[in-house]
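Starting from 1, each residue takes its place in the sequence as its number.
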Amino acid sequence: MKRDLNAILREMTLEEKAGMCSGKDFWHLKGIERLGIPQVMVSDGPHGLRKQSDKADHLGVNESIPAVCFPTACATACSFDRELLQKLGETLGKECQAEDVSVILGPAVNIKRSPLCGRNFEYFSEDPYLASEMAAAHIKGVQSQNVGTSLKHFAANNQEYRRMSCSSEIDERTLREIYLAAFETAVKEGKPKTVMCSYNRVNGEFASENHKLLTKILREEWGFDGYVMSDWGAVNDRVKGLEAGMDLEMPGNEGRGDSKIIEAVKSGKLKEEVLDIAVERILNVIFQYVDNRVPGEFDLEEHHEIAEKIAEESIVLLKNENILPLNISEQKIAFIGEFAEKPRFQGGGSSHINAYKVESALDAVKGNENVVYAKGYSLKEDIVHEELVKEAVQIASDSDVAVIFAGLPDSFESEGYDRSHMKLPQSQNALIEEILKVQPNVVVVLHNGSPVEIPWADKVKGILELYLCGQTSGRAAVNILSGKVNPSGKLAETFPIKLSDNPSYLNFQGDGQKVHYAEGIYVGYRYYDKKDMEVRYPFGHGLSYTTFEYTDIHLSKNKITDTETVSVEVTIKNTGKMKGKEIVQLYISDKTGAVGKPEKELKNFVKVELIPGEQKTVVMELNRRSFAYYEPAVSDWFVNSGTYEIIVAASSRDIRLTQTLEVVSEDRLPMEIHWNTTISELLQNERTRPVIMNLVENEVKKVREQTQEGSVAAEAITAEMSLKMFENSPLRSYRNFNNMTENQLEELMRVLKNALNN
């Protein structure tokens, strides 16, 4: 059914048009019955349907309908599985259709700049490529069911502290390469129906009023054609926001924002055409949903099973010293820690799901007499309870293996505030240390939304990272502990040894007015690898119960232009005794030296399943963007000519195969030659390099001729020193040190300019 939106717009009054640009209430958009515009509902996500049927609120205080709580983004990103994320999206889309929800709010792709951000559990990764790929797959899945998504929070929303007012101060290259790049592929390939702007300011301007972000970049550069909604309460100046491209204000505020729009149009401050465009965008998404509405029901049990499979694909085995998998039918095993009974499987705040059923680890082993349980600590308070510890130590000493369920309680991390440290509760660390005194065979199962410090990591034999893995996390964990499922997740973020190792440590949160992203592009593994810093667990790390061999790297071409693509083939073989999945990671290292770059950057990945002895050839593609960096001088992505190292790895620190590739780029940087242009700048430019190199070589030759070998002069002024001095000198210095006249210098600059223009 094709709608004539222009005809509807012509029938609408100014008041009706303004009214369409704000919510009716917390979760509904307004309808206009006389024009056949229905009222539709949006609902929180992104890892489950938080539909509130009675009292509405934004932070999850009031109860929502019973629904399936899927693993959160901090967990699903560790799957490195695009198909899995699409399946998750499809499942959510079906639930939205059944519950008559037109748009589910998510996914969230903000970068994990610091482990302390209270909302990191909702975000995918420290790496923009991985985050954007996961988000794009999630969006495609939801929207395959004719339900919209709202990609959030656009942009640079990386802390909870004063999130509604603080300004994220970011240089252009960092903004583009790290923080906007996480959104870009999700927009271009996922094509979300809506985008949610964030609360914060970006370089001094509210995201909800930022014309550059909402119109120039989002719409004109990336081709977004849906509507932009505000985060709940993010609007500062309604009219300025509308002009910038922020179409829908949420939640409803009894028409106060509408009145300002009406007044601005009537006074001539706001062109009515701007309002019309916003209304058309909103109507288009409304009718796409309404015209494709498929009433029905969904099977909670079926979706519960899907949630379990997603959890199993996402859990990461961090450490295993020949202790896992456990033989639950023969070994006597102690399950210790209240999380074994009451798992923490989701974060707090606006995404909190009213899970219709929760399966704990104890539920999964019910009836098995080989498994005994001790509480060990209390989740209500971080106090060492001597009696609880004593009981736990006793059953641990009487068992073959102690499995300790540890992690962060709800009070330690949530939307609305940031963590102040990376530590686990004192009561849990103390418990683990006490058990290690009587039981050498210890496995720790972690429940947390972001990295934690692990002071006992070298003492325990196994560590299983669940993150917040949804309502089936207990059963999924037991399936992996017992070997029923082979773990295949890998970390989507680095675990530093301690908080102060993090690159944002000195600047995180800022002064309340501004927060400076002084670490620039060196976020996560980009920083740790550049500094060659020891970490607890690197980005991309994850173990399996089998082993994999990487061989036969092959590039489709050894030399390409910057407009061509290249395919990277590699053979992966399961050399162990158990079926398993391996995540093959493809990084690029820029060896051109033309601009500051990280040691390596993730540019593709693939997850492959193999039975013992089986091998497969996997293929990953690289394109122009894979080699590009954002160059502020041209306000665009730029590729340097030269050598790039292609790296196939099992993690950012576990490099298996490498190959070199030559890239010939047609990109040229603008350059102005003047008296203060340095020799090094001229040497870096391939067009001026031949001209100036001849001059430099002559100068070095003169120095060598003037200093006899073994003389004091030769020791004081080496050829290498002379070369560096020349490189760092401006052209004007040739008047003083090289006896060049001003006419000769002008002639040299003329030759250089001609070379630059040819």
Side-chain angles (χ1 to χ4, degrees), residues 1 3 23-24 26-31 37-53 56 64-73 76 82-109 122 134-154 186-187 189-196 224-229 231-232 247-248 250-251 281-300 302-303 306-307 310 350-351 353-354:
M1 177 179 181
R3 303 273 185 169
K24 177 185 177 183
F26 242 84
W27 301 117
H28 295 88
L29 277 63
K30 299 186 185 81
I37 301 172
Q39 173 182 297
V40 295
M41 184 178 193
V42 301
S43 180
D44 258 323
H47 55 269
L49 188 58
R50 193 176 81 88
K51 179 182 177 182
Q52 290 183 314
S53 55
S64 54
I65 64 169
V68 177
C69 181
F70 295 89
T72 60
T76 58
R82 298 174 181 90
E83 291 182 4
L84 189 76
L85 268 290
Q86 187 155 340
K87 177 66 174 178
L88 168 59
E90 289 172 2
T91 309
L92 285 172
K94 290 175 182 177
E95 294 188 7
C96 289
Q97 278 283 6
E99 291 292 342
D100 199 11
V101 172
S102 68
V103 173
I104 187 169
L105 307 182
V109 294
E122 267 192 81
M134 295 290 97
H138 180 111
I139 292 165
K140 288 176 185 177
V142 173
Q143 295 190 168
S144 69
Q145 305 304 308
N146 296 307
V147 171
T149 55
S150 191
L151 183 65
K152 61 185 186 180
H153 308 89
F154 191 65
V187 170
E189 295 186 10
K191 302 186 183 303
K193 299 298 183 185
T194 81
V195 167
M196 182 188 294
F224 174 67
D225 60 1
Y227 69 76
V228 174
M229 69 169 71
D231 203 340
W232 267 233
D247 306 301
L248 176 66
M250 290 300 287
R281 290 169 181 157
I282 294 168
L283 290 178
N284 189 46
V285 174
I286 288 174
F287 284 122
Q288 282 179 11
Y289 169 73
V290 171
D291 293 342
N292 293 283
R293 175 88 169 90
V294 183
E297 298 179 351
F298 64 92
D299 188 330
L300 283 167
E302 178 188 351
H303 289 193
I306 292 171
I310 294 170
S350 60
S351 67
I353 308 302
N354 180 17

Margin query: Please evaluate residues Leu151 and Phe224 with respect to the criterion side-chain contact (heavy atoms from CB on, under 4.5 Å), reporting the C-alpha separation (whole Å), side-chain torsions for both, the decisive distance (0.1 Å), and the verdict.
Written below: CA-CA 11 Å; Leu151 183 65; Phe224 174 67; over 6 Å; no
Next item on the list: Please step through side-chain contact (heavy atoms from CB on, under 4.5 Å) for the pair Met134 and Thr76, ending with a clear verdict.
Entry: CA-CA 8 Å; Met134 295 290 97; Thr76 58; over 6 Å; no
Margin query: Test side-chain contact (heavy atoms from CB on, under 4.5 Å) on Cys96 and Leu49; report intermediate values, then the result.
Written below: CA-CA 7 Å; Cys96 289; Leu49 188 58; 3.9 Å; yes
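Within the 4.5 Å cutoff, side-chain heavy atoms of Arg293 are placed close to those of Asp100. Side-chain contact between Ser102 and Ile286 is absent, with no heavy-atom pair separated by less than 4.5 Å. With a 4.5 Å cut-off on side-chain heavy atoms, Phe154 and Val109 do not count as touching. Within the 4.5 Å cutoff, side-chain heavy atoms of Asp44 are placed close to those of Trp27. Met250 places a side-chain heavy atom less than 4.5 Å from the side chain of Val42. Annotation: side chain of Trp232 is in contact with side chain of Leu105 (closest heavy-atom distance under 4.5 Å). Looking at Gln97 and Tyr289, their side chains come closer than 4.5 Å, going by heavy atoms from C-beta outward. A 4.5 Å side-chain heavy-atom check between Gln145 and Glu95 finds every atom pair outside the cut-off.
No side-chain donor-acceptor contact under 3.5 Å links Arg50 to the backbone of Ser64. For Gln143 (side chain) and Lys193 (main-chain N/O), a donor-acceptor pair under 3.5 Å exists by modelled atom type. With hydrogens and angles ignored, the 3.5 Å screen pairs a side-chain donor or acceptor of Lys51 with a backbone N or O of Glu99. Listed for the Asp247 side chain is a donor-acceptor partner under 3.5 Å among the backbone atoms of Val228. Listed for the Ser351 side chain is no donor-acceptor partner under 3.5 Å among the backbone atoms of Gly45.
The aromatic rings of Phe298 and His303 lie parallel to each other, their planes meeting at an angle below 30°, with 60° marking the opposite boundary.
Here the closest non-hydrogen pair linking Gly296 and Ala98 is O-CB, 3.3 Å. Here the closest non-hydrogen pair linking His47 and Pro71 is CB-O, 3.5 Å.
Note that CD1 of Ile65 is 7.5 Å distant from OG of Ser43, once rounded to the nearest 0.5 Å. Atom CG in Asp291 sits 4.0 Å away from atom CZ in Arg3 (nearest 0.5 Å). Here the straight-line distance linking atom CG of Leu29 with atom CG of Leu248 works out to 5.0 Å at 0.5 Å rounding. Note: Leu84 CG to Ile306 CD1 = 10.0 Å, rounded to the nearest 0.5 Å.
Other residues, nucleotides and ligands contribute at most 12 non-hydrogen atoms within 6.0 Å of the CD atom of Glu83.
The existence of a salt bridge linking Lys191 and Asp225 is excluded, since no basic side-chain nitrogen approaches an acidic carboxylate oxygen closer than 4.0 Å. Looking at Lys152 and Glu122, a side-chain N of the basic residue comes within less than 4.0 Å of a carboxylate O on the acidic one, giving a salt bridge.
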